[in-house]
Colleague: 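Mind looking over this structure? Questions follow.
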Amino acid sequence: MLTERIRLLRSQLEGFLRDFYGIEPPELQVEVPPRIEFGDLAFPFPFQLAKILRKPPRQIASEVAENAPQMEGVAGLEAAGAGFVNVFLDRSMYFQDLRSRLHAGATEPTGGKIVVEHTNINPNKAAHIGHLRNAILGDTFIRLLKSSGRQVEIQNYIDNTGVQVADVVVGFHYLRKMDLSKIEEVPDPFDYYCWDLYAEVFSWYELESSRIQYRHEVLEAIEAGGNAFYVMAQYVSDRVVKAHLRTMERIGVNYDVLPRESEILHLKFWDDAFQQLKEKEAILFSEDGPNKGCWVMALPGENGQDAEEKVIVRSNGTVTYVGKDIAYQLWKFGLLGKTFHYRPFHTNPEGQVVWITDDVASVEDEPEFGGASRVYNVIDVRQSYLQRVVVQGLRSLGYNEEADNSTHFSYEMVALSPACCRDLGIELSETDKNRPYVEVSGRKGLGVKADDLIDKLLKKSLEEVLRRQQDLPLEKSKLIAHQITVGALRYFMLKYTRNSVIAFDFGEALSFEGENGPYLQYSVVRADNIFRKLSKRDPALAEGLDENIQTHLWDNEALSLLLEDNAVWQLLLDIGRTEEVVEQSIDSLEVAGIAKHAFNVAQQFNLFYHKHHILSEPDDTKQLFYLTVADTARRGLVKLLDLLGIEIPERM
RNA sequence: GCGCUCGUAGCUCAGUUGGAUAGAGCGCCGGUCUACGAAACCGGAGGCCGCAGGUUCGAAUCCUGCCGGGCGCGCCA
């Protein structure tokens with residue numbers, strides 16, 4: 001909305017500078033003035049032109065402000081500060097544009113397919129708070145992409161044949177002496193059971209170092225397939241994945257397809273990738289040195305020199321983890337000579353089917369996945385090195401465009417604050433005591449499980465709802481508590497920028513006062529309450545609001561006078577900035593930007609709400625104006641909350 | 001050792017293409033509810049923006065060095 005206005009303005013001003021000064025102006029930067037009184041947009045170009053024109057910036061700014069032609073949508077220009085040209089928008093026109101924009105529906109997706117991979121939890125234990133950050137970042141990023149008209153495919157990679165699963169199988173077989181039928185009898189929550197077992201297996205390994213052999217034995221069997229360990233691993237993995245899907249469903253996170261490592265192995269994806277890598281000499285056989293007998297890939301260092309090399313195929317002929325990742329990345333772009341088969345794995349509450357990969361075709365009309373023109377991998381920052389190797393793999397194969405379109409959406413981990421460790425009753429080692437936070441560790445069973453956190457939030461939300469809403473049926477209160485829980489959790493994970501480590505603290509995560517999800521929801525509920533009450537008091541006005549606005553507000557000469565209220569104007573101005581913020585958030589991979597923007601808008605709405613008691617406003621025109629502002633604000637906020645994956649409770 | 005990243009109010013954090021008087025939440029002090037529900041709002045105190053140089057009309061933001069955290073760097077997975 002504002003983006004288009006700026007684009008127009010910029011070209012008009014550039015044209016003016018060209019004519020007036022006879023120079024070719026640089027691309028004009030646009031900024032937001034520090035205070036609304038200064039104007040709505042600020043152009044700092046006089047500073048840049050000062051040298052060329054040999055005039056002080058302030059003089060240039062004044063000349064431009066005085067001599068620039070009338071521009072549509074602009075009320076006036078002003079020279080300000082040491083040499084800014086500030087723009088005052090036509091507020092009435094902006095308000096009308098904004099409303100018609102908020103009424104417009106969604107557009108059909110265009111452009112090539114974008115694959116976003118996120119979640120990727122090892123299917124051997126319950127999801128924890130770190131996984132929640134991953135899934136919420138990924139899911140929200142997807143919502144932003146979709147809202148700006150991109151076509152998106154959501155993948156959640158399942159490493160069902162790795163050591164982590166093998167360790168749990170070792171636990172079931174050697175430690176618990178359980179066969180498949182016994183494992184099937186383990187009651188839910190199965191992922192919780194595995195969480196404990198996994199940690200137990202690790203201490204069991206440590207007690208007797210020779211026991212690590214069981215891991216190798218089981219791992220080999222799983223990779224080979226067609227044996228009891230393989231079947232056991234499949235069962236464990238599938239059941240844990242189902243648990244993960246249910247956990248993520250609780251917070252509104254869904255997937256299109258679950259590509260599995262087992263199919264990458266069975267369908268021999270690596271063979272094809274290996275062939276390509278050898279043919280194009282992207283990897284070379286190492287004749288001597290420390291990597292003798294391996295196939296290695298050169299990683300470019302400073303000044304284009306080959307600084308180091310990474311082993312892709314070991315001297316015993318097996319492929320490393322990163323090698324399989326290269327094959328998988330090639331498949332995502334449709335650059336591999338092979339593809340998966342698929343079968344339905346799960347149907348989410350909205351009725352959408354989640355597909356999983358398979359070795360053979362088992363259903364008619366298999367969907368097609370992969371073949372993207374752009375790929376985002378949402379993985380924490382500790383995987384940066386390997387992600388770089390994968391991209392280098394594409395580049396070495398000559399797929400430069402695809403390499404450029406491969407983005408590692410990296411973010412920092414969620415760690416446990418000292419206070420959190422105390423809450424959990426965790427004994428800290430001497431070295432850990434001196435740290436600002438402690439890393440979550442599945443091996444040690446150290447962490448906060450996702451479902452535990454969600455349950456705690458649910459309990460607290462329900463208490464708060466019951467305290468405030470005594471006349472609601474319990475089912476409704478529960479629904480509202482759930483919506484508040486999702487709002488609190490999602491906003492909590494989104495408000496930090498991705499490079500900042502979250503030192504998890506229950507107090508902060510469970511707080512419903514201040515900057516958090518419930519605050520945003522509450523703002524909309526307040527706005528909704530105005531209109532609910534209005535429908536009862538004055539049904540005619542509530543029903544015909546849009547018509548009323550059309551006939552009694554837009555042409556009313558009082559409108560521009562009412563819009564002189566800067567607090568109201570700032571609110572409207574910022575709502576119109578949403579699309580710009582979405583694009584910025586996508587470009588910078590910084591989803592926190594949209595979360596902060598939503599909070600900012602909600603804050604301004606609350607201020608407005610407090611200042612004006614709309615329903616008791618005696619002046620009809622004023623009341624209509626305030627109703628229109630409130631309605632615009634709630635529509636803007638609903639849209640913003642939808643982008644964040646946060647629902648609006650009926651009451652709070 | 002090399003690479004990445006962070007250091008901003010008592011605490012947790014925004015401040016991303018260099019811009020005008022550095023912001024928010026929590027906490028603290030003091031106010032505002034017979035209601036469009038206070039999960040809110042208003043006011044106040046509280047800042048060598050880690051340190052030192054440099055570039056620039058202008059630096060929390062860019063460059064260099066240093067100090068202090070964190071992460072990564074295996075034929076492991």
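This one's a predicted model, so the numbers in the text were calculated from it and none came from an experiment. Note that these values count all heavy atoms, side chains included, but never hydrogens, waters or copies made by symmetry. So that the names make sense, note that chain A is the first sequence line, chain B the second, and so on, each numbered from 1.
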Colleague: Which pairs, with at least one residue in residues 605-616 of chain A and sequence neighbours excluded, count as a salt bridge (charged side-chain N to carboxylate O under 4.0 Å, His left out)?
Modeller: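 Of all non-adjacent pairs touching residues 605-616 of chain A, those that pass salt bridge (charged side-chain N to carboxylate O under 4.0 Å, His left out) are A:D565-A:K611.
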
Colleague: Both A:R498 and A:A82 contact RNA chain B. Which one's nearest nucleotide lies toward the 5' end?
Modeller: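 Final value for this comparison: A:R498.
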
Colleague: For A:A80, report the nucleic acid contact type (base, sugar-phosphate, nothing); a contact means any heavy atom under 4.0 Å.
Modeller: base

Colleague: When you check the side-chain N and O atoms of A:N529 and A:R526, is any donor under 3.5 Å from an acceptor?
Modeller: no

Colleague: Sticking with atom P, work out how far B:rA20 lies from B:rA24, rounded to a whole angstrom.
Modeller: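 It comes out at 16 Å once rounded to the nearest Å.
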
Colleague: Is the phosphate of B:rU5 approached by A:N499 (side-chain N or O, under 4.0 Å from OP1 or OP2)?
Modeller: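 A:N499 to B:rU5 OP1/OP2: no side-chain N or O under 4.0 Å.
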
Colleague: 5'-most contact on RNA chain B: A:E464 or A:R388, nearest heavy atom basis?
Modeller: A:R388

Colleague: Can you build the contact string for nucleotides 72-77 of chain B? Use B for base contact, S for sugar-phosphate-only contact, and - for no protein heavy atom under 4.0 Å.
Modeller: SS-BSB

Colleague: Enumerate the protein-to-nucleotides 60-63 of chain B contacts in which both atoms are nitrogen or oxygen and the separation is below 3.5 Å.
Modeller:
none

Colleague: Hey, where does RNA chain B pair up into stems, meaning at least three consecutive Watson-Crick or G-U pairs with distances under 3.5 Å?
Modeller: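 Detected stem regions: B:1-7 with B:67-73, B:10-13 with B:23-26, B:28-32 with B:40-44, B:50-54 with B:62-66.
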
Colleague: May I ask you to say what A:I484 touches in the nucleic acid, namely base, sugar-phosphate or nothing, with a heavy-atom cut-off under 4.0 Å?
Modeller: base

Colleague: Suppose you measure atom C1' in B:rG15 against the same atom in B:rA52; what distance do you get, rounded to whole Å?
Modeller: 24 Å

Colleague: If you measure from the P atom in B:rC63 to the same atom in B:rA45, how many Å do you get, rounded?
Modeller: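 Their P atoms lie roughly 36 Å apart.
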
Colleague: Which value, rounded to the nearest 0.5 Å, describes the distance between A:I60 atom CD1 and A:F47 atom CZ?
Modeller: 10.0 Å

Colleague: Taking the six-membered ring for Trp, are A:F84 and A:F43 ring centroids under 6.0 Å apart?
Modeller: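 No; A:F43 has its ring centre 6.0 Å or more from that of A:F84.
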
Colleague: Select base, sugar-phosphate, or nothing to describe what A:D325 touches, counting heavy atoms under 4.0 Å on all strands.
Modeller: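 Answer is nothing: A:D325 stays at 4.0 Å or more from every strand.
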
Colleague: Classify the nucleic acid contact of A:V389 as base, sugar-phosphate or nothing, counting any heavy atom under 4.0 Å across all strands shown.
Modeller: nothing

Colleague: With a 4.5 Å heavy-atom cut-off, do A:V313 and A:C294 have their side chains touching?
Modeller: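 The answer is no; the side chains never approach within 4.5 Å.
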
Colleague: At under 4.0 Å between heavy atoms, what does A:V465 touch on the DNA or RNA strands: base, sugar-phosphate, or nothing?
Modeller: base

Colleague: A:G514 near the nucleic acid: base, sugar-phosphate alone, or nothing, with a heavy-atom cut-off under 4.0 Å?
Modeller: sugar-phosphate

Colleague: Check the interface with nucleotides 34-37 of chain B: list each N/O to N/O pair with the protein under 3.5 Å, or write none.
Modeller:
from, atom 1, to, atom 2, distance (Å)
B:rC36, OP1, A:H613, NE2, 2.1
B:rC36, O5', A:H613, NE2, 3.2
B:rC36, O2', A:N529, O, 3.4
B:rC36, O2', A:I530, N, 3.0
B:rC36, O2, A:L615, N, 3.0
B:rC36, N3, A:I614, N, 2.9
B:rC36, N4, A:Y609, O, 2.5
B:rC36, N4, A:H612, O, 2.1
B:rG37, OP1, A:N529, ND2, 3.0
B:rG37, O2', A:Y522, OH, 2.9
B:rG37, O6, A:R468, O, 3.3
B:rG37, O6, A:Q469, OE1, 3.0
B:rG37, O6, A:R651, NH2, 3.4
B:rG37, N1, A:R468, O, 2.9

Colleague: Considering only NZ, NE, NH1 and NH2 on the basic side and carboxylate oxygens on the acidic side, decide whether A:R10 and A:E14 come within less than 4.0 Å.
Modeller: no

Colleague: I'd like to know if A:E206 and A:R211 make a salt bridge, using a cut-off of under 4.0 Å between side-chain N and carboxylate O.
Modeller: no

Colleague: Got a list of protein N/O to nucleotides 11-13 of chain B N/O distances below 3.5 Å?
Modeller:
from, atom 1, to, atom 2, distance (Å)
B:rU12, O2', A:E508, OE1, 3.4
B:rC13, OP1, A:V501, O, 3.2

Colleague: Hey, does A:P34 reach any base, or is it just sugar-phosphate, or nothing, if we go heavy atoms under 4.0 Å?
Modeller: base

Colleague: With no hydrogens and no angle check, just 3.5 Å: does a side-chain donor-acceptor pair link A:Y157 and A:E261?
Modeller: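 Present: a donor and an acceptor within the cut-off.
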
Colleague: Applying a 4.0 Å non-hydrogen cut-off, can you work out what A:E513 is touching in the nucleic acid: base, sugar-phosphate, or nothing?
Modeller: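 Sugar-phosphate: the residue A:E513, judged by heavy atoms under 4.0 Å, touches backbone atoms but no base.
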
Colleague: Is it true that A:Q329 and A:D325 share a donor-acceptor pair across their side chains at a distance under 3.5 Å?
Modeller: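 Absent: no donor and acceptor within the cut-off.
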
Colleague: Do A:Y328 and A:F269 have their ring centres less than 6.0 Å from each other?
Modeller: no

Colleague: Using a heavy-atom cut-off of under 4.0 Å over every strand shown, decide if A:Q603 touches base, sugar-phosphate, or nothing.
Modeller: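 If one applies the 4.0 Å heavy-atom cut-off, A:Q603 turns out to touch the sugar-phosphate alone, with no base involved.
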
Colleague: Answer yes when A:R467 and A:E463 have at least one side-chain N-carboxylate O distance shorter than 4.0 Å, and no when they do not.
Modeller: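 Salt bridge: no.
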
